[in-house]
Amino acid sequence: MRFVLDGAVIDLPEVDPTATVLDHLRYRMGRTGTKEGCAEGDCGACTVLVGELASEGVRWRAVNSCIQFLPMLHGKALMTVESLGNQPDAAAEVHPRNGEDSREARHSPLAPLQAMMAANGSSQCGFCTPGFVMSLHGRAIGARGCELPVADVIAGNLCRCTGYGPILAAGEAVDRIVRDDTALAALLAGIAAEGASGEWRGRKWFAPRSKDELAALLARHPDARMVAGATDVGLWVTKGLKTLDTVIFLGDVADLAAIEETGEAITLGAGARYADVHAPFARLHPDLGELVRRIGGLQVRNAGTVGGNIANGSPIGDGPPALIALGAELTLRGMAGRRTLPLEEYFLDYGKQDRRPGEFVESIRIPRPGPGTVIHIAKLSRRFDSDISAVCGAFALTVEDGTITRARVAFGGMAATPRRAGACEAALTGKPFGEAAIEAAAQALGHDFAPLSDVRGSSAYRLEAAANLLRRLWLREQGQAISVLDLEGLDG
Ligand SMILES: Cc1cc2nc3c(=O)[nH]c(=O)nc-3n(C[C@H](O)[C@H](O)[C@H](O)COP(=O)(O)OP(=O)(O)OC[C@H]3O[C@@H](n4cnc5c(N)ncnc54)[C@H](O)[C@@H]3O)c2cc1C
Ligand code: FES
Ligand code: FES
């Protein structure tokens, strides 16, 4: 496999399919600027930028190198904190925010974001600093998610000592850094043309480039482990110490990542990353966009895919409840062809999904809600940013002439799988849209679910929280409850 680092092609004839990019940088290349804080995608100390060839040139995105496997870099460019002094942009035009004078940025031997972190006192022990610098540098060079506020861009980076004020100030101080990636794009075009594969100590890996190639590979290796963004599988290796024998990487299967928006529906390939569906989802409904904004940090959304979220089958995955409530359909493709099923039917039991050997999740179709549909999607987690749900509730109620004619209600965190709430739906359907129906349906949730108690919430808390999410839908309709979206911009 080959990738580009600071303008040089790195050629690795043999790679362990599940060696992490972080370990390779630190232990094989001596690039110890990139830190290991948690090894599970939570702290952002290991943030690097990965550049891919796209129609507009090179498209960069920040990812957590601790849960990215080395073969996933094939045909891509890598930028680490050490790169900043060596990249063309170190000497490039820097546009400080609001035209403020930025002497530190212009006269320092440090790259602009490093200089601003120093000038603002944004670093104490310094362990988190390279990660913040890379996240903020990504924003300044126009990487994926650069349109987000600085606070969102660093929501996946943790600092234990400095506090976030000075770090936010450093990020705000550099508005834009202009890079010229023309030469890099040409280099990438030369090395990214073909799919890669390899073998290391009897363990095989493949990186196909089309769905047809993927289908043929799965027919030959039905037990292979597919890896899309590795934001779930990465942890099986770094924390679960699991060995994967045959791995098929999906990141280069371009036709698996397509997103099509029509007046009737959004259809997305299973390989579409959360960062890429954020805007289309927000257009479908603002609550769905907000849900995406709260999936992991930007580094996780820049790698994690909607298909991986579904295929993983976690009872606390955030995508499934919302997509089930919206009436999404899943298409699977395998040796016997394609089959399409309502998303809720895919989840059979804890850890058990309706996926046959040799099949892969190909696409998800989400119909646009019809007129008169009341939608409410809400995630409750112990920490607002970058945390897994305790309860995630999604409601789509069709209201015609004041009567609820159709109700789809789904929850995560309430059962062994993401699930519809049949008793709650029955209590709503055919009833006048009003407080009485909402209250009866909230009570009915006790017949639908007997949730577990765990570190994220007790059984009683989950049941009450789920009922309150439904009550909140009603209050919101009455203009008596504000959503998180409405809180944006309010002090305190
Ligand atoms: C720090 C952190 C925070 C997170 N926060 C959230 C959160 O807030 N909400 C949330 O829901 N999740 C969260 N996650 C979990 C994870 O990011 C998501 O589940 C993500 O969508 C997984 O996608 P992936 O592409 O990374 O999957 P991978 O890890 O690559 O794969 C996951 C599983 O899906 C299978 N798979 C992948 N693609 C396909 C396919 N096309 N067909 C068949 N099987 C396939 C794999 O074989 C594997 O079993 C978080 C993870 C981390 C590390
Ligand atoms: S080391 Fe913490 S996110 Fe990678
Ligand atoms: S400066 Fe010490 S963790 Fe951030």
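Each ligand, and each atom within it, is numbered from 1 in the order the structure gives. Treat the numbers as computed from the prediction; the structure is a model and nothing was measured. Positions are given from 1 along the sequence.
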Inset, instruction - Could you list the atoms of ligand 3 found under 4.0 angstrom from a heavy atom of Cys159? - result: 1 (S), 3 (S), 4 (Fe)

Inset, instruction - Using a cut-off of 2.8 Å, find all protein N, O or S atoms closer to atom 4 (Fe) of ligand 2 than that distance. - result: Cys46 SG, Cys66 SG

Inset, instruction - Taking only heavy atoms of Thr162 into account, list the atoms of ligand 3 that are under 4.0 Å away from them. - result: 1 (S)

Inset, instruction - From the options Asp16, Thr246, Val247, select the one residue that forms a side-chain contact (heavy atoms from CB on, under 4.5 Å) with Arg203. - result: Asp16

Legend entry - Heavy atoms of other groups near Leu148 CG, more than 12 under 6.0 Å: yes

Inset, instruction - Output yes when a side-chain donor or acceptor of Thr162 lies under 3.5 Å from a complementary backbone atom of Gln124, and no otherwise. - result: yes

Inset, instruction - May I ask you to test the Arg31-Leu5 pair for a side-chain heavy-atom distance under 4.5 Å? - result: yes

Legend entry - Atom indices of ligand 3 within 4.0 angstrom of Cys128 heavy atoms, with elements: 1 (S), 3 (S), 4 (Fe)

Legend entry - Lys/Arg N to Asp/Glu carboxylate O, Asp276 vs Arg61, below 4.0 Å: no

Inset, instruction - Among all protein heavy atoms, pick out the one at the shortest distance from atom 3 (S) of ligand 3; state its residue, atom name and that distance to 0.1 Å. - result: Arg160 N, 3.2 Å

Legend entry - Flag, side chain of Lys379 to backbone of Asp318, donor-acceptor distance under 3.5 Å: no

Legend entry - Residue and atom name of the nearest protein heavy atom (relative to atom 2 (Fe) of ligand 3), distance in Å to one decimal: Cys161 SG, 2.2 Å

Inset, instruction - Can you establish whether the number of heavy atoms outside Arg383 located under 6.0 Å from its atom CZ is more than 12? - result: yes

Inset, instruction - Examine Cys125 and say whether one of its N/O/S atoms is closer to atom 4 (Fe) of ligand 3 than 2.8 Å. - result: no

Legend entry - Atom NZ of Lys239 with >12 non-hydrogen neighbours under 6.0 angstrom: yes

Legend entry - Phe395 and His376 aromatic ring geometry - parallel, tilted or perpendicular at 30°/60° bounds: parallel

Legend entry - Electrostatic pair Arg283-Glu261, nearest N-O below 4.0 angstrom: yes

Legend entry - Heavy-atom neighbours of Arg339 CZ exceed 12 at 6.0 Å: yes

Inset, instruction - Taking only heavy atoms of the protein into account, state which residues are under 4.0 angstrom from an atom of ligand 1, in chain and number order. - result: Glu40, Gly41, Asp42, Ile67, Arg225, Met226, Val227, Ala228, Gly229, Ala230, Thr231, Asp232, Val233, Leu235, Trp236, Leu250, Ala270, Tyr274, Arg294, Ile295, Gly296, Val300, Gly304, Thr305, Gly308, Asn309, Ala311, Asn312, Gly317, Asp318, Arg355, Phe360, Val361, Lys379, Asp387, Ile388

Inset, instruction - Run the numbers for me: atoms of ligand 3, each under 4.0 Å from some heavy atom of Gly126, listed by number. - result: 1 (S), 2 (Fe)

Legend entry - Sub-4.5 Å side-chain heavy-atom contact between Met414 and Leu463: yes

Inset, instruction - Please say whether more than 12 non-hydrogen atoms of neighbouring residues, nucleotides or ligands are located less than 6.0 Å from CD in Glu464. - result: no

